[in-house]
> 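One structure, as structure tokens, below. Some questions next.
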Amino acid sequence: MAMYSAYLPASGNREEVRFISDGPSILALIVPALFLIWHRLWQALMVYVLVASALALMASTASNPMLALLPALPGFFLMLQGRDLVRAKLEQTGWEEAAAIAADNEADAQLRFFSMDLPQKPAVIAEVRAQTVPFKPKTPVASGIFPE
């Protein structure tokens with residue numbers, strides 16, 4: 001069974017839920033640029049292009065035939081960590097993880113997600129978060145070896 005993370009938008013509309021699998025992405029290994037474009041990961045795409053070009057340049061100038069595999073390293077990294085990049089992008093844009101679901105495929109994950117009762121966030125918690133003050137120590141903090 002695979003694990004799926006269900007992400008809800010900031011509005012909390014359950015009909016716009018997105019499911020992200022925890023497994024490796026074969027698409028990211030075969031065509032990494034297409035994977036990054038599909039998920040609109042533009043900064044990661046720029047980094048991928050720069051790193052893949054540098055590795056391809058190093059592989060073309062090297063005399064060792066094993067170094068010809070260097071340009072495949074960014075794709076291998078994206079195969080393993082691409083889903084985490086998608087999760088990070090969703091969380092940065094205001095989406096929240098609503099549930100972690102074990103299912104055989106995405107259709108089963110959707111069925112399990114929509115059959116469960118999700119607790120509604122009370123407004124009190126949101127107000128308390130808005131009223132919290134950052135922690136300020138009463139004693140001065142020493143920096144370096146000697147306190148000031």
Side-chain angles (χ1 to χ4, degrees), residues 1-60 62 66-144:
M1 276 196 166
M3 290 296 295
Y4 288 87
S5 301
Y7 281 87
L8 289 174
S11 64
N13 187 1
R14 289 184 69 171
E15 294 172 4
E16 296 178 16
V17 67
R18 295 218 18 218
F19 294 93
I20 309 292
S21 151
D22 281 348
S25 173
I26 301 302
L27 177 66
L29 177 65
I30 297 171
V31 279
L34 183 62
F35 174 82
L36 294 170
I37 291 169
W38 180 263
H39 291 290
R40 294 183 178 95
L41 298 167
W42 307 118
Q43 292 174 344
L45 178 65
M46 288 187 286
V47 170
Y48 167 75
V49 168
L50 290 174
V51 169
S53 325
L55 290 175
L57 181 64
M58 287 189 331
S60 66
M66 288 301 292
L67 293 178
L69 298 175
L70 277 178
L73 286 178
F76 185 71
F77 173 78
L78 283 175
M79 178 187 84
L80 298 175
Q81 299 296 322
R83 310 270 187 187
D84 291 333
L85 291 174
V86 174
R87 281 188 195 88
K89 180 193 174 215
L90 286 175
E91 289 173 1
Q92 285 176 351
T93 55
W95 291 66
E96 292 183 13
E97 185 176 6
I101 303 163
D104 292 329
N105 53 31
E106 188 173 341
D108 288 342
Q110 289 175 356
L111 183 63
R112 290 181 184 190
F113 176 76
F114 287 115
S115 66
M116 65 189 339
D117 290 330
L118 291 179
Q120 297 295 326
K121 289 188 208 175
V124 176
I125 294 175
E127 290 176 13
V128 169
R129 285 186 185 160
Q131 294 174 0
T132 55
V133 179
F135 174 72
K136 293 182 183 176
K138 293 181 182 177
T139 59
V141 177
S143 60

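This is a predicted model, so every value here is computed, not measured.
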> So which heavy atom on A59 is nearest to which on A68, and how close?
CB-CA, 4.1 Å
> Just verifying a value: how many Å separate L8 CG and E97 CD, rounded to the nearest 0.5 Å?
10.0 Å
> So which atom in P24 and which in R83 form the shortest heavy-atom distance, rounded to 0.1 Å?
O-NH2, 3.8 Å
> Should we count CH2 of W42 as having more than 12 external heavy atoms under 6.0 Å?
yes
> Determine whether more than 12 heavy atoms belonging to other residues, nucleotides or ligands lie under 6.0 Å from atom CZ of F76.
no
> With rounding to the nearest 0.5 Å, note down the distance linking CG in N105 to CG in L111.
10.0 Å
> Nearest 0.5 Å, what's the CG-CG distance between L69 and L55?
11.5 Å
> Any idea which heavy atoms bring A56 and P71 closest together, and the distance?
CA-CG, 3.7 Å
> Where do V51 and L73 land on the side-chain contact (heavy atoms from CB on, under 4.5 Å) test, with the steps shown first?
CA-CA 9 Å; V51 169; L73 286 178; over 6 Å; no
> Rounded to the nearest 0.5 Å, what separation is found between the CZ atom of R18 and the CG atom of L90?
5.0 Å
> State whether the side chain of R14 and the backbone N or O of F113 hold a donor-acceptor pair below 3.5 Å, judged by distance alone.
yes
> Between R87 and S21, what is the shortest heavy-atom contact and its length?
NH2-O, 3.0 Å
> Side-chain contact, heavy-atom cut-off 4.5 Å: Y48 with L41?
no
> I need the minimum non-hydrogen distance between F19 and A6, along with the two atoms involved.
CE2-CB, 3.8 Å
> A103 and A109: which non-hydrogen atoms are nearest, and at how many Å?
CB-N, 3.5 Å
> Between CD1 of I30 and CG of L78, what distance do you get to the nearest 0.5 Å?
13.0 Å
> Can you find a heavy atom in the side chain of W38 that is under 4.5 Å from one in the side chain of V31?
no
> Using a cut-off of 6.0 Å, state whether more than 12 heavy atoms not belonging to M1 lie near its atom CE.
yes
> Could you tell me the separation between the CD atom of E91 and the OG atom of S5, rounded to the nearest 0.5 Å?
9.0 Å
> Indicate yes or no for a side-chain donor-acceptor contact from Y4 to the backbone of E106 under 3.5 Å, with no hydrogens or angles considered.
yes
